[in-house]
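The structure displayed is predicted, hence computed values, not measured ones.
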Amino acid sequence: MVKSERGIALALVLMALVVSGALIAGILLGGTQEQRVADNTRNSEQAFGTAEAGAYEVVRMWSPSTMSFHGLIGTDSIPISDSLSPWQTGRYGGTVYKLGNDLYLIDVTGRDSVGLRPRIRNDVPARSHQVLIVRVRPFTFPAPAGVAAVTTGSAGITMGGNSDVSGYDSTPPTWTQCPPSDSTSAIGILSSGPITLATKGVTVSGAPPAKQDNTIADSTFKRFQDVTYAQLAGAATITLGAGSYKSAPAVTNGVCVINNSLNWGDGDHTQPCGGYFPMVHITGNANLTGTGQGVLLVDGDVNMSGKFEWFGAVIVQGAMKASGGGNVETTLWGIALINGGLDESQVTGKSHFRYSKCVLTQVLEGTSLVAMARSRGWAQLY
């Protein structure tokens with residue numbers, strides 16, 4: 001008896017199609033999963049790179065005076081605005097926390113570029129968390145210039161009127177948290193050129209009051225241990241061209257406005273700008289009146305012919321002219337380094353230079369340079 005086999009070909013074809021479809025579906029599923037794993041890995045690495053680049057971008061754009069102006073962690077923080085990474089691989093944002101006078105924590109979250117384009121393939125966006133610990137190193141002025149109220153180059157200095165220079169350690173009113181005063185006095189005037197006291201009203205004190213030192217050279221005014229004048233100028237908080245400037249603290253609703261180019265801080269530490277120590281760089285000759293604190297860099301000559309008060313370090317590559325009379329006085333607390341070039345510096349009228357270890361310590365901490373950083377991080381997909 002012969003059985004009918006009609007329709008067997010159709011069944012075989014259908015079975016083959018099912019098996020083939022299953023194989024193809026498996027291959028497609030495996031390929032899709034591999035692609036997704038690869039995309040996730042790429043996104044994760046891109047987010048990690050964005051976070052790391054963002055953290056070091058914060059370091060690159062570091063403003064010592066702005067950062068030091070903020071309070072410690074738990075009482076204050078510095079937000080990092082949402083920004084596109086330098087190589088446009090993603091976006092980053094976060095917060096900077098001040099752990100101590102010289103220690104900061106940079107907390108950055110980076111996102112990969114998925115968020116910057118349409119999700120055509122259902123890409124999974126990634127984020128990476130980076131924590132960077134930054135220690136800042138205050139630059140210092142080496143001896144002997146670092147222990148003299150006024151240091152001048154070979155052009156020398158002439159003191160007249162009722163001007164005075166004191167190498168004895170002085171602390172300005174309202175300044176607190178000062179280190180112990182030096183047991184020995186600093187030099188009053190240190191110079192490799194002539195020191196001329198033109199009138200009887202001039203007072204110069206210190207240990208010694210005045211000293212000529214042939215080792216004072218151009219490098220004294222352009223290199224401060226391992227930091228150069230050019231590096232300081234490049235890290236300046238405020239950069240201005242040659243001209244006449246009247247600086248004054250800027251306060252709005254009780255808050256110091258630090259983005260004002262003529263706000264150079266406030267030597268009265270009971271005021272809102274008392275904790276702001278900018279590094280001010282003037283690229284040519286300058287005529288100055290007003291008040292400020294921090295580090296003042298002048299590429300040319302400086303003329304302080306009106307009422308001017310400065311707390312910190314003054315570094316002048318040209319000559320200085322300072323004068324005052326009547327109720328107008330010029331007062332500098334800290335140290336002044338005046339290269340002079342070919343011109344003699346002249347100080348007359350009621351001009352006062354007072355060495356202050358307290359001022360130097362706080363100012364140099366407030367205008368520190370980033371010295372060391374180390375990081376940790378992790379990535380996360382979401």
message: For Val257 and Val255: C-alpha separation, side-chain torsions, deciding distance, then whether side chain to side chain contact (heavy atoms under 4.5 Å, CB included) applies.
response: CA-CA 6 Å; Val257 182; Val255 178; over 6 Å; no
Judged by atom type as modelled, is there a donor-acceptor pair below 3.5 Å linking the side chain of [X] to the main-chain atoms of [Y]?
| X | Y | value |
| --- | --- | --- |
| Thr220 | Ile216 | no |
| Thr109 | Gly93 | no |
| Asp112 | Gly90 | no |
| Gln231 | Thr228 | yes |
| Asp76 | Gly71 | yes |
| Ser219 | Lys222 | no |
| Thr361 | Lys357 | yes |
| Thr237 | Met279 | yes |
| Asn43 | Ala126 | no |
| Thr199 | Gly161 | yes |

Nearest 0.5 Å please: distance from the [atom1] atom of [X] over to the [atom2] atom of [Y].
| X | Y | atom1 | atom2 | answer |
| --- | --- | --- | --- | --- |
| Ser356 | Leu332 | OG | CG | 11.5 Å |
| Lys321 | Ile338 | NZ | CD1 | 10.0 Å |
| Thr151 | Ile187 | OG1 | CD1 | 7.5 Å |
| Ser128 | Glu52 | OG | CD | 8.5 Å |
| Arg91 | Leu84 | CZ | CG | 5.5 Å |
| Arg354 | Ser205 | CZ | OG | 10.0 Å |

Do [X] and [Y] meet the criterion of a side-chain donor-acceptor pair at a distance under 3.5 Å?
| X | Y | answer |
| --- | --- | --- |
| Gln271 | Asp266 | no |
| Asp164 | Thr203 | no |
| Thr50 | Thr89 | yes |
| Asp299 | Tyr229 | yes |

With a 4.5 Å limit on heavy-atom distance, are the side chains of [X] and [Y] in contact?
| X | Y | value |
| --- | --- | --- |
| Asp82 | Arg111 | yes |
| Val96 | Val58 | yes |
| Leu99 | Leu72 | no |
| Leu232 | Val227 | yes |
| Trp310 | Val280 | yes |
| Thr196 | Ile157 | no |
| Leu132 | Val59 | yes |

- request: List in chain and number order the residues that pass side chain to side chain contact (heavy atoms under 4.5 Å, CB included) with Asp107, two or more places apart in sequence or in another chain; answer none if no residue qualifies.
  value: Tyr97, Leu105, His129, Val131
To check you understand the geometry: which heavy-atom pair defines the closest contact between [X] and [Y], and what is its length?
| X | Y | answer |
| --- | --- | --- |
| Pro278 | Asn263 | CG-O, 4.4 Å |
| Ile106 | Ala55 | CD1-O, 4.2 Å |
| Gly274 | Gln293 | O-NE2, 3.0 Å |
| Ser345 | Ala319 | OG-CA, 3.7 Å |
| Gly294 | Val363 | O-CG1, 3.2 Å |
| Gly167 | Ser185 | O-OG, 3.1 Å |

message: Quick one, Gln346 with Thr158, criterion side-chain hydrogen bond (donor to acceptor under 3.5 Å, both in side chains). Give me CA distance, side-chain angles, the key distance, then yes/no.
response: CA-CA 5 Å; Gln346 298 177 358; Thr158 293; 5.8 Å; no
message: Strictly below 4.0 Å, N to O, side chains only: are Asp218 and Arg223 in salt-bridge contact?
response: no
If two hydrophobic side chains count as joined below 4.5 Å and joins carry through other members, does [X] share a cluster with [Y]?
| X | Y | result |
| --- | --- | --- |
| Val251 | Ile238 | no |
| Tyr92 | Ile78 | yes |
| Leu262 | Ile282 | yes |
| Tyr245 | Val314 | yes |
| Met320 | Leu197 | yes |

query: Is the Phe141 ring parallel, tilted or perpendicular to the Phe224 ring (thresholds 30°, 60°)?
result: perpendicular
message: Set out, in order, the CA-CA distance, both residues' side-chain angles and the distance that settles side-chain hydrogen bond (donor to acceptor under 3.5 Å, both in side chains) for Thr152 and Ser191, then state yes or no.
response: CA-CA 5 Å; Thr152 69; Ser191 179; 2.6 Å; yes
task: Check the pair Glu309 / His352 against side-chain hydrogen bond (donor to acceptor under 3.5 Å, both in side chains), numbers first and verdict last.
output: CA-CA 9 Å; Glu309 190 172 33; His352 315 287; over 6 Å; no
message: Could you go through Ile80 and Val108, starting from their C-alpha distance and side-chain angles, then the distance that decides it, and tell me whether this counts as side chain to side chain contact (heavy atoms under 4.5 Å, CB included)?
response: CA-CA 8 Å; Ile80 302 170; Val108 176; 3.8 Å; yes
message: The test is side chain to side chain contact (heavy atoms under 4.5 Å, CB included); show your working for Thr330 and Ser323 and say whether it passes.
response: CA-CA 7 Å; Thr330 295; Ser323 62; over 6 Å; no
message: Could you walk me through whether Tyr355 and Trp333 satisfy the ring-ring contact (aromatic ring centres under 6.0 Å, His included) test, starting with their C-alpha distance in whole Å, then the side-chain angles of each, then the deciding distance to 0.1 Å, before giving a yes or no?
response: CA-CA 6 Å; Tyr355 174 81; Trp333 300 79; over 10 Å; no
message: Could you check, using the six-membered ring where one of them is a Trp, whether Tyr276 and Trp264 have ring centers closer than 6.0 angstrom?
response: no
